[in-house]
Amino acid sequence: MGVQDTRAAPTSRESALALLRWYVEMGADEAIGVAAPNRLLPAKPAPVQQPVPPPAPAQIAVRRAPATPVVPPGAFAESLAEAAQSARRLAAGAETIDGLAALVAGFEDCPLKRTATKTVFIDGNPAAPIMFIGEAPGADEDRIGRPFVGRAGQLLDRMLAAIGLDRSTVQITNVIYWRPPGNRKPTTAEIAACLPFVLRHIALAKPQVLVLCGGTAASALLPVSDGITRLRGRWFELAIPGLDQPVPTLPMFHPAFLLRTPERKREAWRDLLALKARLASLS
Ligand code: URA
């Protein structure tokens, strides 16, 4: 017996909305360009100008679909381990923060770069003795190319202002330089691929104080496994390769977390006061 499908066919508006929802769930939550580039394809070699021979008749008859690149399981993890190695080699050669920024901008081995629009390396004053390190660029940072320029960045600015600081007296970076698709959390391997640059940045900046914004930055840099709720407000002495002295380091809640959980601002305020007192003791 046949069964008739009595459901109304989706209107084009419904199907367009369903498609949009699917895009957002897959992490494509922004329209950046008119044509969507496939950044997963291997880079094209520069075109060589050569006369094009007329196609053979059989080639006209059989048009094959373009080959889709196949990524074998584990290939990204392997290439990320190689990326970490090449980052270590490159970072070791950087003698200035500008030089390091250029190396990061030219680094092609982190797959996140293929889906990001911009490399996001630093904001603030690269000579400032206070360094803030966050997690990874979001949509606004990816568009503008500077860390902490979106809503979380605006809260960070207000937090800095509350203790007499601003972007001329601090420098700001992240443990990841390219926006993870859909703002997902960066993986451990992605963090490991950027970490040599982050450590070199700290060594070149020689900050008097380091502030780690959020659990991702804290777990990337501190040799402890506690979550940010237990770590925040505690001072650590962080040994950095290339520096003679450990750097006093304070983990704090991430401003994006504080936007979602304003009741935790009271603890963040205590941490800011601890930072202010530490800075006063240094001057
Ligand atoms: N969150 C971060 O951790 N870093 C940014 O640059 C922006 C938001």
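For ligands, and for the atoms within them, numbers begin at 1 and follow the listed sequence. Numbering starts at 1 and runs along the sequence shown.
Here P255 has no heavy atoms under 4.0 Å from ligand 1, in either its backbone or its side chain. Contacts between E141 and ligand 1 below 4.0 angstrom, taking non-hydrogen atoms only, involve the side chain exclusively.
Applying the ring-ring contact (aromatic ring centres under 6.0 Å, His included) test between H201 and each of F121, Y177, F132 identifies F121 as the sole match.
Distances from atom 4 (N) of ligand 1 to the heavy atoms of I172, I133, N174 show the closest one on N174. Among H254, R179, E135, the residue whose heavy atom lies nearest to atom 1 (N) of ligand 1 is H254.
Within the listing of ligand 1, atoms 3 (O) sit less than 4.0 angstrom from a heavy atom of G134. Atoms of ligand 1 found under 4.0 Å from any heavy atom of P147 (numbered from 1 in listed order, with element): 6 (O).
At least one heavy atom of A136 lies less than 4.0 angstrom from ligand 1. Remark: distances from the non-hydrogen atoms of R146 to ligand 1 are all 4.0 Å or more.
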Please assess S168 against D166 for the test side-chain hydrogen bond (donor to acceptor under 3.5 Å, both in side chains), listing each intermediate value before the final yes or no. CA-CA 5 Å; S168 70; D166 60 25; 2.6 Å; yes

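With rounding to the nearest 0.5 Å, the separation of CZ in F257 from OG1 in T229 is 6.0 Å.
Aromatic pair F148/H254: ring centres closer than 6.0 Å.
Around atom CD of E237, more than 12 heavy atoms belonging to other residues, nucleotides or ligands sit under 6.0 Å away.
Ring geometry, F107 versus W178: the interplanar angle falls under 30°, so the pair is classed parallel (tilted spans 30 to 60°).
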